[in-house]
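Whatever order the structure lists them in is the order used to number ligands and atoms, beginning at 1. If you're wondering where the values come from, they're calculated on a predicted model, not measured in any experiment.
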Amino acid sequence: MTLVLATRNAHKVREIGQVLGPGFRLRSLADFPEVPEVPEEGETFEANAVQKAAFAARALGVPAMADDSGLEVDALQGAPGVRSARFAGERATSAENNAKLLRLLKGVQEAQRSARFRCVIALALPDGTARTAEGACAGRIAEAPRGTGGFGYDPLFIPDGYDRTFAELGEEVKNRISHRAHALRRAREMILEIAK
Ligand code: ITT
């Protein structure tokens with residue numbers, strides 16, 4: 001079954017493929033360079049996920065799925081949230097975003113470093129109608145980056161029940177307990193309806 005993903009983030013494509021398992025042929029916007037940059041103007045993960053999925057579905061004339069996700073840090077009143085990708089600036093690298101996060105949390109004790117990753121999966125039809133499913137993963141922010149796996153804030157995120165970061169724990173653990181894995185499991189029936 002083919003599923004079109006409204007993303008240009010290759011790490012998301014890889015994780016989504018691993019969680020959904022064999023049987024899905026994933027295509028992403030990297031396969032459709034003619035689709036312009038998808039706007040992301042919403043104030044919530046849900047609004048952005050729907051905007052990305054509906055934009056791609058309309059542009060391509062086929063159903064599309066989007067993932068909008070990010071990190072909420074309690075000591076920062078939920079920041080970086082929907083701005084996770086561009087926390088340290090419009091074209092910021094993950095290293096720059098992680099450095100900014102550590103700077104803002106300097107001196108904050110472990111008990112106050114709680115955070116969660118959130119993910120909203122949206123499935124849209126070419127007529128613009130969309131449905132969504134959510135997932136979250138609670139944890140805390142490490143004192144320094146550790147590990148080489150994953151992407152984004154993974155070297156700083158220690159999920160509850162573990163003392164290693166997502167980047168140290170690796171794909172097998174992450175794809176079992178992550179925000180993205182939970183959202184995809186909840187979306188599975190809807191995904192089967194739109195995949196062809
Ligand atoms: P698309 O919009 O093209 O899908 P993006 O990377 O811009 O790609 P988002 O707008 O959803 O995606 O931003 C998500 C950001 O949140 C991402 O760039 C990371 O910084 C962070 N993030 C989301 N999920 C993550 C994960 O599983 N591990 C680490 N960081 C994550």
Side-chain angles (χ1 to χ4, degrees), residues 3-19 26-33 35-56 59 64-73 76 78-102 115-124 132 134-142 145-159 164-184:
L3 183 61
V4 174
L5 304 182
T7 182
R8 290 195 158 81
N9 183 327
H11 300 282
K12 287 185 183 177
V13 178
R14 179 178 169 86
E15 288 186 9
I16 291 166
Q18 286 167 340
V19 173
L26 300 184
R27 315 206 54 194
S28 79
L29 295 182
D31 301 312
F32 303 101
V35 177
E37 183 97 2
V38 184
E40 251 181 85
E41 296 149 350
E43 283 301 318
T44 62
F45 295 113
E46 183 168 11
N48 283 334
V50 167
Q51 191 171 17
K52 289 191 277 192
F55 185 88
M65 175 171 120
D67 162 316
D68 200 68
S69 45
L71 180 69
E72 293 177 344
V73 178
L76 304 177
V82 291
R83 285 175 194 79
S84 290
R86 48 204 147 98
F87 190 36
E90 236 3 89
R91 300 260 168 238
T93 63
S94 293
E96 290 165 344
N97 288 332
N98 286 348
K100 178 172 180 181
L101 182 58
L102 283 180
R116 75 205 50 75
F117 271 126
R118 290 188 52 206
C119 174
V120 174
I121 294 288
L123 298 156
T132 60
E134 291 199 38
C137 180
R140 65 180 194 278
I141 304 302
R146 297 197 316 249
T148 54
F151 70 101
Y153 297 92
D154 282 345
L156 288 181
F157 186 80
I158 302 170
R164 289 186 293 162
T165 67
F166 260 162
E168 292 177 301
L169 288 166
E171 294 180 327
E172 195 269 323
V173 174
K174 183 177 180 190
N175 290 330
R176 208 156 15 90
I177 66 171
S178 79
H179 49 314
R180 183 161 297 108
H182 289 308
L184 284 168

Is there a side-chain contact between Ile141 and Tyr153 (heavy atoms, below 4.5 Å)? no
Can a salt bridge be assigned to the pair Arg83 and Glu43 using a cut-off of 4.0 Å between side-chain N and carboxylate O? yes
Whether the side chain of Glu15 engages the backbone of Lys12 through a donor-acceptor N/O pair (distance < 3.5 Å, no angle test) should be reported. no
Which atoms of ligand 1 have any heavy atom of Glu40 under 4.0 Å away? 2 (O), 10 (O)
Under a 4.0 angstrom heavy-atom cut-off, which atoms of ligand 1 come close to Asp68? 9 (P), 10 (O), 11 (O)
So which of Ala85, Ala56, Gly150, Ala92 gets nearest to atom 18 (O) of ligand 1, if we judge by its closest heavy atom? Ala85
Minimum-distance protein heavy atom relative to atom 2 (O) of ligand 1: Lys52 NZ, 2.8 Å
Does Leu71 reach ligand 1, in the sense of a heavy atom lying below 4.0 Å from it? no
Gly70 heavy atoms, cut-off 4.0 Å: which ligand 1 atoms fall inside? 16 (O), 23 (C)
Check whether any N or O atom of Lys174, backbone or side chain, sits under 3.5 Å from an N or O atom of ligand 1, and answer yes or no. yes
For atom 31 (C) of ligand 1, grab the closest protein heavy atom and report residue, atom and distance to one decimal in Å. Phe117 CE2, 3.5 Å
Quick one: look up the protein heavy atom nearest atom 3 (O) of ligand 1 and list residue, atom name and how far away it is. Arg8 N, 2.9 Å
Checking the side chain of Gln51 only, and the main-chain atoms of Glu41 only, is there a donor and an acceptor separated by less than 3.5 Å? yes
According to the interplanar angle, ranging from 0 to 90°, do the rings of Phe166 and Phe157 count as parallel (below 30°), tilted (30 to 60°) or perpendicular (above 60°)? tilted
Quick one: pull up CG in Asn98 and CG in Leu71 and give me the separation to the nearest 0.5 Å. 9.0 Å
A side-chain contact here means heavy atoms from C-beta on lying under 4.5 Å apart; do Glu72 and Phe45 qualify? yes
Report the residues that fulfil side-chain contact (heavy atoms from CB on, under 4.5 Å) with Arg176, sequence neighbours left out, ordered by chain and then residue number. Tyr162, Glu172, Val173
Just go through Ser84, Ser28, Ala30, Ser69 and tell me whose heavy atom is the nearest to atom 13 (O) of ligand 1. Ser69
For ligand 1, is His11 a contact, meaning one of its heavy atoms is under 4.0 Å away? no
Give the atom numbers and elements of ligand 1 that come within less than 4.0 Å of a heavy atom of Gly152. 29 (C), 30 (N)
Ligand 1 atoms in contact with His179 (distance to a heavy atom under 4.0 Å): 24 (N), 25 (C), 26 (C), 27 (O)
Can you report which non-hydrogen protein atom sits closest to atom 11 (O) of ligand 1, along with the distance? Lys12 NZ, 2.9 Å
Evaluate the criterion side-chain contact (heavy atoms from CB on, under 4.5 Å) for residue pair Leu184 and Met65; output intermediate values, then yes/no. CA-CA 11 Å; Leu184 284 168; Met65 175 171 120; 3.5 Å; yes
Starting from atom 4 (O) of ligand 1, locate the nearest protein heavy atom and write down its residue, its atom name and how far away it is, to 0.1 Å. Thr7 OG1, 2.6 Å
Would Leu76 and Leu101 satisfy side-chain contact (heavy atoms from CB on, under 4.5 Å), going step by step from the backbone distance to the final call? CA-CA 9 Å; Leu76 304 177; Leu101 182 58; 3.6 Å; yes
Taking 4.0 angstrom as the limit and counting only heavy atoms of Asn9, give me the atoms of ligand 1 inside it, by number and element. 3 (O), 6 (O), 8 (O)
Among protein heavy atoms, which sits nearest to atom 24 (N) of ligand 1, and what does the distance come to when rounded to 0.1 Å? Arg180 NH2, 3.0 Å
Residue-ligand contact Asn97/ligand 1, heavy atom below 4.0 Å: no
Mind checking whether Asp67 and Leu5 have side chains closer than 4.5 Å, heavy atoms only? no
Worked check of side-chain contact (heavy atoms from CB on, under 4.5 Å) between Lys52 and Asp68: CA-CA 8 Å; Lys52 289 191 277 192; Asp68 200 68; 2.9 Å; yes
Look at atom 30 (N) of ligand 1 and say which protein heavy atom is nearest, naming residue and atom and giving the distance to 0.1 Å. Tyr153 N, 3.1 Å
List the closest protein heavy-atom neighbour of atom 28 (N) of ligand 1: residue, atom name, distance to the nearest 0.1 Å. Asp154 OD1, 2.7 Å
